[in-house]
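Sequence positions, counted from 1, serve as the residue numbers for this chain.
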Amino acid sequence: MIAPFVVGLLSSILMVAVVFVIGRRIRNFGIVDVAWSWGFALLTAIYALMAAGASERKILLLVCVFAWSGRLGWHLYVRVKGHHPDEDGRYRQLREEWGDSTNRKMFWFYQLQAAALAALSAPFLLIASNPEPVLSRLEWAGAALAMVALIGEAVADGQLSRFKKDPANRGRTCRVGLWRYSRHPNYFFEWLVWVGFFVFALASPNGALTAACPLLMLYFLLRQTGIPATEEQALRTKGEDYRRYQQTTSAFVPWFPKKNKSL
């Protein structure tokens with residue numbers, strides 16, 4: 001399994017380096033989000049070609065990863081393209097913080113994305129390397145969970161997109177559909193996709209080690225590039241309306257909203 005992993009890591013490094021050059025030229029570093037999402041499909045294809053696992057399992061893996069990676073990447077591409085030449089607020093904030101060092105620091109930020117991409121793809125490599133000819137119930141359950149979560153994420157993204165398209169909602173916080181029950185239902189379902197991939201990988205040798213992947217993704221979403229950065233931007237653009245939303249609505253796991261006693 002070492003050779004496929006090395007090829008996958010080098011492919012990730014090269015891919016984000018190319019994307020960095022493009023992002024610098026068009027002055028929009030937000031395109032790394034699109035490349036990162038589609039990168040999982042690239043690495044899974046490499047593993048499926050190079051690893052010596054059973055073909056039926058590889059096919060199921062490719063279907064799951066391509067469906068998830070393709071949808072997420074396309075959703076992000078449409079968002080970035082729709083805002084271009086305006087850059088995502090998170091990257092504008094980094095430009096302000098880094099100043100003259102932006103290009104140098106952003107290059108290494110991109111390379112961290114490449115490393116994370118390779119590390120998080122570990123479940124796909126283990127699954128593609130599993131020689132067992134018969135798919136287990138655990139694998140079917142993991143694939144089903146990932147696909148159900150994918151649908152939930154797509155529904156949440158669609159609800160938010162429709163809300164934002166209405167000019168009357170400019171400067172307002174989305175509280176429709178799943179967004180009534182979670183401030184970040186898309187992130188919750190994204191994490192659940194990774195739980196599904198972990199369950200899928202459990203049936204493979206050393207699959208339990210991939211528990212680190214949903215845990216790492218949870219850390220990213222809750223503490224790093226997910227909720228903190230998104231909410232900072234929301235507070236900058238929506239102000240008090242978003243603060244009231246924070247007081248009544250679950251940050252991550254969908255749950256019934258609380259009454260705001262201060263209102």
Side-chain angles (χ1 to χ4, degrees), residues 27-34 36-37 71-99 102 106 109 113 116 149-195 214 216-263:
R27 293 194 56 78
N28 193 335
F29 283 126
I31 62 172
V32 70
D33 295 338
V34 180
W36 195 79
S37 300
R71 189 218 68 89
L72 179 60
W74 178 254
H75 170 75
L76 294 172
Y77 170 77
V78 170
R79 189 176 72 183
V80 172
K81 185 174 183 292
H83 293 162
H84 187 72
D86 292 334
E87 201 170 35
D88 185 281
R90 295 169 299 161
Y91 294 96
R92 290 200 307 270
Q93 185 67 23
L94 289 176
R95 283 185 185 276
E96 292 179 8
E97 293 176 5
W98 291 343
T102 293
M106 192 66 72
F109 175 80
Q113 300 295 307
L150 165 62
I151 293 172
E153 186 176 11
V155 170
D157 284 337
Q159 290 170 342
L160 182 61
S161 294
R162 288 191 292 273
F163 180 85
K164 288 183 173 181
K165 286 179 181 178
D166 188 344
N169 293 326
R170 186 175 181 83
R172 297 174 56 199
T173 302
C174 178
R175 293 177 172 86
V176 300
L178 292 168
W179 299 85
R180 171 177 168 79
Y181 304 100
S182 170
R183 302 202 300 271
H184 305 279
N186 53 340
Y187 289 164
F188 170 75
F189 285 111
E190 171 69 10
W191 174 71
L192 208 57
V193 168
W194 285 96
V195 174
L216 184 60
M217 181 57 65
L218 187 64
Y219 174 73
F220 285 152
L221 292 173
L222 296 183
R223 301 297 182 188
Q224 294 295 318
T225 57
I227 290 176
T230 302
E231 298 215 331
E232 285 178 11
Q233 178 65 14
L235 288 169
R236 284 192 291 268
T237 57
K238 300 179 179 66
E240 191 59 34
D241 184 53
Y242 197 80
R243 289 188 181 90
R244 290 195 296 268
Y245 184 55
Q246 288 178 312
Q247 293 168 2
T248 60
T249 310
S250 169
F252 190 62
V253 179
W255 193 248
F256 297 102
K258 298 180 294 185
K259 290 185 178 179
N260 192 337
K261 295 181 181 179
S262 65
L263 295 179

Task: Side chains of L150 and F189 in contact at under 4.5 Å (non-hydrogen atoms) - done: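 No, their side chains stay 4.5 Å or more apart.
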- [ ] Could you go through the side-chain contact (heavy atoms from CB on, under 4.5 Å) check for F29 and F109 one step at a time?
- [x] CA-CA 10 Å; F29 283 126; F109 175 80; over 6 Å; no
Task: Atom of G152, atom of L178 and distance for their closest heavy-atom approach - done: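 Minimum heavy-atom separation between G152 and L178: O-CD1, 3.8 Å.
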Open item on the list: Looking at every non-hydrogen atom in both residues, tell me the closest pair between W36 and Q113 and how far apart they are.
Closed with: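 Closest approach of W36 to Q113: NE1-O, 3.0 Å.
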Just distance, no hydrogens or angles: give the donor-acceptor pairs under 3.5 Å from side chains in residues 163-175, sequence neighbours left out.
unit_1: D166; atom_1: OD1; unit_2: A168; atom_2: N; d: 3.0
unit_1: N169; atom_1: OD1; unit_2: R172; atom_2: NH1; d: 2.7
unit_1: N169; atom_1: ND2; unit_2: F163; atom_2: O; d: 2.9
unit_1: T173; atom_1: OG1; unit_2: D241; atom_2: OD2; d: 2.8
unit_1: R175; atom_1: NH1; unit_2: D241; atom_2: OD1; d: 3.3
unit_1: R175; atom_1: NH2; unit_2: D241; atom_2: O; d: 3.1
unit_1: R175; atom_1: NH2; unit_2: D241; atom_2: OD1; d: 3.4

Open item on the list: Please check if the number of heavy atoms outside R27 that lie under 6.0 Å from its CZ is greater than 12.
Closed with: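 Atom CZ in R27 is not packed in, count stays at 12 or less.
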Open item on the list: Take a 6.0 Å sphere around CH2 of W74 and say whether it holds more than 12 heavy atoms from other residues, nucleotides or ligands.
Closed with: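 It does not: W74 CH2 has 12 such atoms or fewer within range.
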Below 3.5 Å, can you tabulate the donor-acceptor pairs from side chains in residues 75-85 to any protein atom, sequence neighbours excluded?
unit_1: H84; atom_1: ND1; unit_2: N28; atom_2: ND2; d: 3.1

Task: Residues forming a side-chain hydrogen bond (donor to acceptor under 3.5 Å, both in side chains) with R236, sequence neighbours excluded - done: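 In terms of side-chain hydrogen bond (donor to acceptor under 3.5 Å, both in side chains), with neighbours along the sequence ignored, R236 is linked to Q233.
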- [ ] State which residues pass side-chain contact (heavy atoms from CB on, under 4.5 Å) with L235; sequence neighbours excluded, sorted by chain then number.
- [x]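 If we apply the side-chain contact (heavy atoms from CB on, under 4.5 Å) test to L235, skipping adjacent residues, the hits are Y242, R243, Q246.
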- [ ] Take F252 and L218 through the test side-chain contact (heavy atoms from CB on, under 4.5 Å) and record every step on the way to the result.
- [x] CA-CA 10 Å; F252 190 62; L218 187 64; 3.7 Å; yes
Quick one: [atom1] on [X] to [atom2] on [Y], what's the gap to the nearest 0.5 Å?
X: R90; Y: E232; atom1: CZ; atom2: CD; value: 11.5 Å
X: I31; Y: Y91; atom1: CD1; atom2: OH; value: 10.0 Å
X: L216; Y: W191; atom1: CG; atom2: CH2; value: 13.5 Å

Task: Pairs involving residues 178-187, ordered by first then second residue, that meet side-chain hydrogen bond (donor to acceptor under 3.5 Å, both in side chains) (sequence neighbours left out) - done: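 Sorted result for residues 178-187: R183-E231, H184-E231, Y187-T230.
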Open item on the list: Give me each pair satisfying side-chain hydrogen bond (donor to acceptor under 3.5 Å, both in side chains) with a member in residues 150-160, each pair once, sequence neighbours excluded.
Closed with: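 side-chain hydrogen bond (donor to acceptor under 3.5 Å, both in side chains) check on residues 150-160 returns R71-D157.
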